[in-house]
Structures are given as C-alpha cells and as structure tokens.
Amino acid sequence: MRILVMDGAATGAQAQALIACLSADAAGLPALLATRIATGRGAAEQFPLLATELFAQCGWGHAMPDLAGVVVGPGSFTGLRASLAFAHGLAAGAGCTVVGVTGGEVMAPALHAAAGALGATALHCTMARRGRVFIETPGTPSALGQVRACMLDALDLPPGPLLLAGNGAQAIMEAAGPRGDMHLLPDAPPDPQAIAAAALLRLHGRLPPCAAQPLYVDAPEARLRAGGRLPAPFTP
C-alpha cells in the first residue's frame with residue numbers, strides 16, 4: 001500500500017510541517033520512502049508542490065497513493081485546513097482514501113509505554129494562541145480521546161502522576177510550578193511512520209471512527225451579523 005502522510009498542525013514561526021511517502025508491507029508495517037519538511041507560518045500551504053517532488057522521487061504519480069493519512073489537530077487553523085484540503089483533493093481526483101488522526105493518537109504508543117512504566121496519566125499538549133494550550137487525553141481502541149483548551153495561568157490538570165508530551169508540555173510544566181509528580185517526554189519532530197501507523201489502525205477499524213476534518217477545539221471566532229445578511233449595496 002502506498003501512503004502519503006501530512007502533518008500541518010504545528011503553530012508559530014518555528015513550526016515544522018511534514019509531508020512524506022511511505023509503503024506498507026503485507027504485515028501493515030509502514031516503511032519511509034521519502035520526506036520533506038516545510039518551516040514557518042503557512043508551511044502546510046507548500047504541500048502540493050512538495051508532494052509533486054516526493055512523487056517524482058518515489059516514481060509515483062498524483063493518482064497513485066492508496067491512502068492519505070492526515071493529522072487533523074489540534075493545532076494551526078491554516079495548517080489543518082491546507083493539509084486536509086489537499087488530501088481531499090487527491091481523493092476527489094484519484095480516489096485515494098483519506099484518514100484523519102489526532103496528534104495524541106499518533107503519539108499514543110510511545111505515550112502509553114512511557115506512562116505505564118511511570119504509573120502516570122498521559123497527556124498530549126499542543127501550544128495554542130493567547131497564552132493557552134490544548135490538552136488531549138489519548139483515547140482507547142473503543143473510545144475517542146478528549147481535547148480541551150486551558151489557559152496556562154489557570155491550568156486544570158488531573159491529579160498526578162502525569163506524563164506530558166507535545167510542543168506545549170514544557171510550558172505546562174513551567175506554568176504548573178513545583179510538582180514532583182509531573183514527567184516530561186522530550187519533544188520530537190513529526191514522525192511519518194507513527195502518523196502512517198495510526199492512520200492504518202483507523203483504516204482497519206482498530207481506532208474508533210473519526211471524520212477527516214479539522215479538529216477545532218475553540219468555537220468559531222467569526223459571527224453572523226445581528227439580523228442576518230448585510231444590507232444590499234447602495235446604488236446612487
């Protein structure tokens with residue numbers, strides 16, 4: 001199976017957006033073929049061009065991926081929309097399957113292994129805007145995880161011990177103050193094989209269904225005008 005994975009969820013000027021091609025063998029183990037990293041704001045908007053380069057390197061055409069595995073969030077509003085729009089465009093044009101996975105689902109195997117050794121609750125933490133962080137409690141094979149937003153200066157954390165991972169983990173640990181029951185899993189760049197593995201689990205029904213749409217934790221900031229539509233244009 002030919003797999004294209006994308007992660008445009010990271011936020012901020014130092015964000016890294018990942019796109020990669022992989023191939024899964026008969027046992028379903030994804031092997032990395034080629035990858036590209038785009039950096040900075042709007043990095044995920046480069047995915048169509050980078051995909052063309054990757055496909056040429058792998059000897060693929062745009063109609064050849066069988067599966068597009070995309071991180072749906074939580075994270076960058078623009079990055080999530082850009083990566084998912086491209087994935088759904090491939091699906092419409094070439095018929096590939098699109099599967100969405102969350103950041104916590106991608107890291108779940110590593111999180112659960114480390115948390116089990118510590119007897120800790122695992123939390124996947126993503127930086128958000130305006131002094132906030134998104135906190136995801138990874139789910140199980142039968143239930144989706146839960147994601148919520150917290151202010152760093154008003155954290156609402158479960159009782160410890162806790163294992164924190166993700167690009168917001170360090171900020172939470174610092175904001176929480178002196179606690180001896182919090183542990184940190186070092187942050188790492190996006191892992192294309194972990195994204196592909198999570199997408200395959202969802203594809204084969206070993207993760208609960210989840211729409212391949214952006215995972216927005218916050219309510220939309222745009223609001224309809226009171227009274228409905230804008231007035232008709234004035235014609236002098």
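Quantities reported herein were computed from a predicted structural model and do not represent experimental measurements. What's counted below: heavy atoms across the whole structure, side chains too, no hydrogens, waters or symmetry copies.
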Query raised in the report: Which heavy atom of Ile135 sits nearest a heavy atom of Cys150, and at what distance?
Result: CD1-SG, 4.1 Å

Query raised in the report: Hey, does the side chain of Arg132 reach the backbone of Ala149 with a donor-acceptor pair shorter than 3.5 angstrom?
Result: no

Query raised in the report: Below 4.5 Å, heavy atoms only, C-beta onward: do Leu201 and Val101 meet side chain to side chain?
Result: no

Query raised in the report: What are the two closest heavy atoms between Pro65 and Cys96, and how far apart are they?
Result: O-CB, 3.1 Å

Query raised in the report: With hydrophobic residues grouped by side-chain heavy-atom distances under 4.5 Å, do Leu123 and Val133 end up in a single group?
Result: yes

Query raised in the report: Do Leu185 and Met182 belong together in a cluster built from hydrophobic side chains that touch within less than 4.5 Å?
Result: no

Requested in this report: Mind checking the CZ-CG spacing from Phe47 to Leu90? Nearest 0.5 Å is all I need.
Outcome: 12.0 Å

Query - Interatomic distance, Met173 atom CE to Leu184 atom CG [nearest 0.5 angstrom] - result: 5.0 Å

Report task. Please confirm whether the backbone N or O of Asp156 pairs with a side-chain atom of Arg148, one donor and one acceptor, at under 3.5 Å? Result -> yes

Query - Thr78 and Glu45: side chain donor to acceptor below 3.5 Å - result: no

Query raised in the report: Phe55 vs His62 aromatic rings, parallel, tilted or perpendicular, using cut-offs 30° and 60°?
Result: perpendicular

Query raised in the report: Rounded to the nearest 0.5 Å, what separation is found between the CG atom of Leu111 and the OG1 atom of Thr137?
Result: 10.5 Å

Query raised in the report: Any sub-3.5 Å donor-acceptor pair from Asp66's side-chain atoms to Arg2's backbone N or O?
Result: yes

Report task. Could you pull out all residues at least two apart from Arg179 that satisfy salt bridge (Lys or Arg N to Asp or Glu O under 4.0 Å)? Result -> Asp181

Report task. Say whether, by atom type as modelled, one donor and one acceptor occur between the side chain of His88 and the main chain of Ala212 under 3.5 angstrom. Result -> yes

**Report entry** Gln213 side chain near Leu80 side chain, heavy-atom distance below 4.5 Å
**Finding:** no

Report task. With Pro192 as reference, evaluate Leu4, Val5, Ile19 under the side chain to side chain contact (heavy atoms under 4.5 Å, CB included) test and give the passing residue. Result -> Val5

Query - Residue pair Gln57 / Glu53, side-chain donor-acceptor N/O under 3.5 Å - result: no

**Report entry** Closest non-hydrogen atom pair between Gly8 and Ser76, with its separation
**Finding:** O-CB, 3.9 Å

Query - Exercise: identify the closest heavy-atom pair between Thr140 and Pro208 - result: O-CD, 3.5 Å

Query raised in the report: Same hydrophobic cluster for Leu215 and Met6, using side-chain heavy-atom links shorter than 4.5 Å among ILVMFWY?
Result: yes

Query raised in the report: Can you check whether Phe86 reaches Arg81 side chain to side chain, under 4.5 Å on heavy atoms?
Result: no

**Report entry** Set of salt bridge (Lys or Arg N to Asp or Glu O under 4.0 Å) partners for Glu105, sequence neighbours left out
**Finding:** Arg202

Query - Side-chain touch Val72/Leu84, heavy atoms, less than 4.5 angstrom - result: yes

Requested in this report: Using atom types as modelled and distance alone, determine if a side-chain donor or acceptor of Glu136 lies under 3.5 Å from a backbone N or O of Gly104.
Outcome: yes

Report task. Flag yes if Val217 and Val70 sit in one hydrophobic cluster, no otherwise; membership is Ile, Leu, Val, Met, Phe, Trp, Tyr, and two members link when side-chain heavy atoms are under 4.5 Å apart. Result -> yes

Query - Check: Gln16 side chain, Thr39 main-chain N or O, donor-acceptor pair, under 3.5 Å - result: no

**Report entry** Single hit among Leu49, Leu54, Leu18 for side chain to side chain contact (heavy atoms under 4.5 Å, CB included) with Arg36
**Finding:** Leu54

Query - Minimal non-hydrogen separation, Ala122 against Pro138, with atom names - result: O-CD, 3.3 Å

Query raised in the report: Looking at side-chain heavy atoms only, is the closest gap between Thr97 and Leu203 below 4.5 Å?
Result: yes

Query - ILVMFWY cluster, Leu32 and Ile37 together (side-chain gap under 4.5 Å) - result: yes

Query - Residues in side chain to side chain contact (heavy atoms under 4.5 Å, CB included) contact with Thr126, at least two apart in sequence or another chain - result: Pro74, His124, Phe134, Asn167

Report summary line: Value for OG (Ser142) from CG (Leu207), rounded to nearest 0.5 Å, stands at 10.5 Å

Query raised in the report: At their closest point, which heavy atom of Gly166 faces which heavy atom of Met107, and how far apart are they?
Result: N-SD, 4.5 Å

